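Written below as structure tokens is the structure these notes are about.
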Amino acid sequence: MRVVIIGAGQAGAALAAKLRGLGHTGPITMIGAETAPPYQRPPLSKAYLMGEMEAERLWLRGPEFWADQGVDLRLGSPVTGVDTAARTVSLGAEVIPYDALALTTGSTPRRLPAAMGGDLAGVYTLRGLTDVDAMRAEFQPGRRVVIVGGGYIGLEAAAVSAKLGLQVTVLEMAPRILQRVAAPETSDYFRALHAAHGVTILESTGLERLLGDGRVTGARLSDGREIAADFVLVGVGILPDTAVAQAAGIVIDNGIATDAFGRTSAPDVWAAGDCASFPWGAGRLRLESVGNAIDQAETVAANILGAGKAYEARPWFWSDQYDCKLQIAGLNTGYDRIVTRPGEGGAVSFWYYQGERLLALDAMNDARAYMVGKRLIEAGKSPAPEVVADPATDLKALLR
């Protein structure tokens, strides 16, 4: 059986490695549009942008690993077409047949439209290695950066910018930073953290347009103010990369729609990672995280080989900002109550409840709370909120 994987990121790499780990001996071709071998993205907005990590340290595996595993790695090779009837993938004039096809195409950053100045020089998105390489020279002490978007990517970039001595302004059109993904308590924590490092955060403040002739020089805000900028970072979310699937006639529903096993609407075509949505409760869910990319891809690898195993998502995420490590377990959708638990040395965790049911938690510099909370959520256990809130409670005892 010949397996072709489109997308050489975290999910694609996990899928290829798992196929070999499960004993698949047939041909595997992994196709990536980027020229770098599969690499981890989270450090891009942190250690790599800071200049604390070399590109080679980002690689998930060295090129020799893929050669040793007999994986035909095609880099710098954008796919030009998929024919699900003929079971072929086209790379320009080259046509590659497949018996099973896995789409691990990931996601693409949302960009500002040209009408808002999004195509001016000095305006960047932060998604891939080439993005960071292109902007790194901009990060000089004393320069002014405007960051559009107060989500985790924007705030991580703000932290790096502040540590490098830049003047940082974050624009967030919602009433608070992290509004889409976190409770007000978490927003308050990070607002105070950034203020302590000299970052200006403007909430309930939209961007009317960027200013400049050829190169960005500033931003006009929704309230009419104009602020100067030497460069701009846009962190307003990502979109699932569904172009190849859509062109092939595969069903799209908040990403490439799969069943519980990772199958798409086309025969012997599977999907995993940021690009894929899967059944969750009464609806569908798409997760943008390293953990999901790996776990879902490994489940799909097993199912390509006949395992018939439904994917069970166990969501977890993290973010590093200054000396704070935020760890998140579970999904907070539908919460109606936040329980605050103070930790040691300024650590704190916020526990999301829906009624008496524990849904998720955000832990700031509190690894113990995170590990216990994650295990409780995955086990379907919900300790009483007042027990969690009591600092005298031994968290590990809650697991018994």
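Keep in mind it's a predicted model, so treat the numbers as computed, not measured.
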Any heavy-atom pair between the side chains of [Y] and [X] that's under 4.5 Å?
{"X": "R41", "Y": "Y39", "answer": "yes"}
{"X": "T186", "Y": "I328", "answer": "no"}
{"X": "R263", "Y": "N303", "answer": "no"}
{"X": "P37", "Y": "F65", "answer": "no"}
{"X": "I28", "Y": "I5", "answer": "yes"}
{"X": "E138", "Y": "L233", "answer": "no"}

For E378, the option from K381, K374, R375 that meets salt bridge (Lys or Arg N to Asp or Glu O under 4.0 Å): K374
Answer yes or no: is there a donor N or O on one side and an acceptor on the other, between the side chain of [X] and the main chain of [Y], under 3.5 Å?
{"X": "T264", "Y": "V269", "result": "yes"}
{"X": "R215", "Y": "D230", "result": "yes"}
{"X": "S161", "Y": "A159", "result": "no"}
{"X": "D274", "Y": "P240", "result": "no"}
{"X": "R341", "Y": "D390", "result": "yes"}
{"X": "N332", "Y": "L359", "result": "no"}

Enter the distance from [X]:[atom1] to [Y]:[atom2] here, rounded to the nearest 0.5 Å.
{"X": "L326", "Y": "F317", "atom1": "CG", "atom2": "CZ", "value": "11.0 Å"}
{"X": "R144", "Y": "T169", "atom1": "CZ", "atom2": "OG1", "value": "10.0 Å"}
{"X": "L398", "Y": "L376", "atom1": "CG", "atom2": "CG", "value": "6.0 Å"}
{"X": "E185", "Y": "T340", "atom1": "CD", "atom2": "OG1", "value": "5.5 Å"}
{"X": "L361", "Y": "Y335", "atom1": "CG", "atom2": "OH", "value": "13.5 Å"}
{"X": "S187", "Y": "L178", "atom1": "OG", "atom2": "CG", "value": "5.0 Å"}

Candidate pair M116 and L210, rule side chain to side chain contact (heavy atoms under 4.5 Å, CB included), full reasoning: CA-CA 6 Å; M116 291 179 65; L210 298 178; 6.0 Å; no
Do [X] and [Y] sit in the same hydrophobic cluster, where Ile, Leu, Val, Met, Phe, Trp and Tyr count as joined when their side-chain heavy atoms come under 4.5 Å apart?
{"X": "W270", "Y": "M30", "answer": "yes"}
{"X": "V236", "Y": "V170", "answer": "no"}
{"X": "V132", "Y": "V234", "answer": "no"}

Parallel, tilted or perpendicular, as decided by the 30° and 60° cut-offs, for the rings of Y152 and F190: perpendicular
Quick check: are there more than 12 heavy atoms from other residues, nucleotides or ligands sitting under 6.0 Å from [atom1] of [X]?
{"X": "D213", "atom1": "CG", "result": "no"}
{"X": "E54", "atom1": "CD", "result": "no"}
{"X": "E344", "atom1": "CD", "result": "no"}
{"X": "M50", "atom1": "CE", "result": "yes"}

Chi angles and distances behind the side chain to side chain contact (heavy atoms under 4.5 Å, CB included) call for L44, L58: CA-CA 8 Å; L44 289 176; L58 293 172; 3.8 Å; yes
Stepwise side chain to side chain contact (heavy atoms under 4.5 Å, CB included) test for I250 and V82: CA-CA 10 Å; I250 293 169; V82 170; 5.6 Å; no
Salt-bridged, [X] to [Y], with N to O below 4.0 Å?
{"X": "E288", "Y": "R127", "value": "no"}
{"X": "K163", "Y": "E52", "value": "no"}
{"X": "D99", "Y": "R2", "value": "no"}
{"X": "R87", "Y": "D268", "value": "yes"}
{"X": "R368", "Y": "D366", "value": "no"}
{"X": "E203", "Y": "R176", "value": "no"}

Short side-chain donor-acceptor distance under 3.5 Å, E34 and T130: no
Within 45° cone and under 6.0 Å: R57 NZ/CZ vs Y48 ring: no
Shortest non-hydrogen contact from V79 toward V89: CG1-CG1, 3.8 Å
